[in-house]
Amino acid sequence: MFEPSPFTKIPESRSARWALLKSAIADWYAPLEESDGFPEKTIAQAEESLGFRLPKALKEWYKLAGKREDIWSQQDAMSSPEELSQFQEIFDYKCQYNGHFDDVLVFYVENQGGYCWGIPRKYLDEDDPPVVIDNWGDWRILSPTVSEFALSMFVSCLKWREENQFWCCGDATPELIAKIDKNIPLLDCPSWQYPYEQTLFYGYKGLIVEAIWQSGDDIYIFITATTEAAFEVATQYLSGQNFYCSAASWEM
């Protein structure tokens with residue numbers, strides 16, 4: 001029997017969430033080092049440029065692991081503190097959207113610029129404010145706090161990690177999802193709902209199954225694992241014909 005995922009229950013306190021993130025990074029990547037975070041001076045300079053203080057949770061994220069592009073920026077991109085004040089100039093969205101981003105501090109951008117994540121400016125004085133998403137339209141809340149968003153983004157980004165020996169993706173049927181739902185625990189990460197109807201995460205320690213409801217019964221899943229045994233926990237339910245797989249031990 002596999003160990004429960006550390007994401008089966010997201011901790012209540014922010015400090016415990018950062019401890020979980022640090023531990024999970026060590027499970028899936030190289031462990032964190034002090035140099036993996038931005039120094040306080042860099043963050044303070046960004047705040048001076050912005051003209052306001054950043055929420056504590058965002059600063060804690062930057063200081064803990066903000067420089068780890070192998071985690072946060074393999075597909076989509078987390079802005080550095082220096083880039084926060086340059087978002088509108090870098091992406092040239094301001095003129096296109098007529099100030100659509102003026103009320104949100106954007107700090108994460110989808111790889112094709114189709115949507116982005118940020119913190120509403122009206123919540124910037126909160127320690128751990130909500131995170132919103134823009135999908136070429138109105139902003140909506142995606143995660144209740146920055147620290148929970150960081151954990152969910154970590155889980156979602158695992159499918160893009162470079163050292164991903166046990167990985168597959170493909171179209172899923174409702175029947176397959178029913179088997180996963182019955183046999184693999186649902187994780188406590190907030191449902192993404194970006195830009196599709198719903199995204200849920202399942203798993204054990206060393207295994208993540210990400211199920212994306214694109215519309216109706218149009219479902220796409222990603223499976224990633226640290227070991228072949230963990231990988232087979234999920235892939236035993238696959239037919240194979242609709243899946244692309246990078247694990248040499250699993251044949252379609």
Side-chain angles (χ1 to χ4, degrees), residues 5-8 10-11 14-40 42-43 46 54-84 87 105-113 115-119 128 131 133 142-143 145-169 187-190 192 194 199 201-210 212 222-227 230-231 246-247:
S5 169
F7 296 95
T8 300
I10 299 299
R14 197 168 76 247
S15 60
R17 291 171 187 167
W18 296 134
L20 169 56
L21 178 62
K22 184 176 181 179
S23 175
I25 288 174
D27 288 339
W28 288 85
Y29 299 89
L32 286 175
E33 299 180 357
E34 186 174 350
S35 59
D36 290 331
F38 286 98
E40 183 67 47
T42 299
I43 297 172
L54 298 175
K56 287 183 179 179
L58 183 59
K59 291 196 287 187
E60 290 165 352
W61 186 0
Y62 276 135
K63 287 189 285 188
L64 177 67
K67 289 186 177 181
R68 287 293 296 269
E69 293 186 0
D70 60 323
I71 300 172
W72 312 118
S73 300
Q74 285 298 320
Q75 179 75 0
D76 307 321
M78 183 180 185
S79 301
S80 68
E82 299 96 325
E83 291 171 334
L84 292 177
F87 172 79
L105 175 68
V106 172
F107 67 93
Y108 225 118
V109 182
E110 190 262 343
N111 68 318
Q112 298 182 56
Y115 47 93
C116 53
W117 300 264
I119 302 168
D128 201 1
V131 174
I133 182 171
L142 177 69
S143 178
T145 63
V146 169
S147 58
E148 289 174 274
F149 174 80
L151 291 175
S152 292
M153 182 59 80
F154 171 83
V155 173
S156 182
C157 286
L158 288 172
K159 62 182 176 288
W160 307 125
R161 68 191 184 108
E162 290 184 338
E163 299 177 2
N164 214 336
Q165 184 178 2
F166 302 103
W167 175 91
C168 72
C169 65
L187 302 184
D188 194 28
C189 303
W192 274 136
Y194 82 102
T199 300
F201 301 94
Y202 301 83
Y204 288 105
K205 185 177 177 64
L207 169 68
I208 296 293
V209 179
E210 181 175 354
I212 305 168
F222 291 89
I223 299 172
T224 183
T226 55
T227 66
F231 187 67
S246 64

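For the single chain, residues carry numbers from 1 onward in sequence order. For the numbers below, each heavy atom of this structure counts, side chains included, while hydrogens, waters and symmetry mates do not. Only a predicted model underlies this, so the values are computations on that prediction, with no experimental measurement involved.
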Quiz item: Do the side chain of S143 and the main chain of F149 share a donor and acceptor less than 3.5 angstrom apart?
Solution: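 At least one qualifying donor-acceptor pair exists.
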
Quiz item: Sub-3.5 Å donor-acceptor pair from the side chain of D128 to the main-chain atoms of V146, do we have one?
Solution: yes

Quiz item: Can the ring centroids of W72 and F107 be said to lie less than 6.0 angstrom from one another?
Solution: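 When the ring centroids of W72 and F107 are compared, they turn out to be at least 6.0 Å apart.
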
Closest heavy-atom pair and its distance - [X], [Y]:
X	Y	value
P11	R17	O-NE, 2.8 Å
L64	W18	CD2-O, 3.9 Å
S147	A57	N-CB, 4.5 Å

Do [X] and [Y] make a side-chain contact, defined as non-hydrogen atoms from C-beta onward lying under 4.5 Å apart?
X	Y	answer
M78	Y62	yes
S156	F201	yes
T8	L187	yes
D70	E162	no
Q74	R161	no

Practice problem: Quick one: sort the W117 and Y108 rings into parallel, tilted or perpendicular, breaks at 30° and 60°. | Solution: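 Perpendicular.
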
Self-check item: K63 charged N/C atom sitting above F38 aromatic ring, 6.0 Å / 45°
Solution: no

Quiz item: Could you state the interatomic distance from CG (L158) to CZ (F222), rounded to the nearest 0.5 Å?
Solution: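 Going from the CG atom of L158 to the CZ atom of F222 covers 12.5 Å.
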
Exercise. May I ask you to check whether over 12 heavy atoms, not counting those of E69, lie within 6.0 Å of atom CD?
Key: no

Quiz prompt | R68/D36 salt bridge by N-O under 4.0 Å criterion | solution = yes

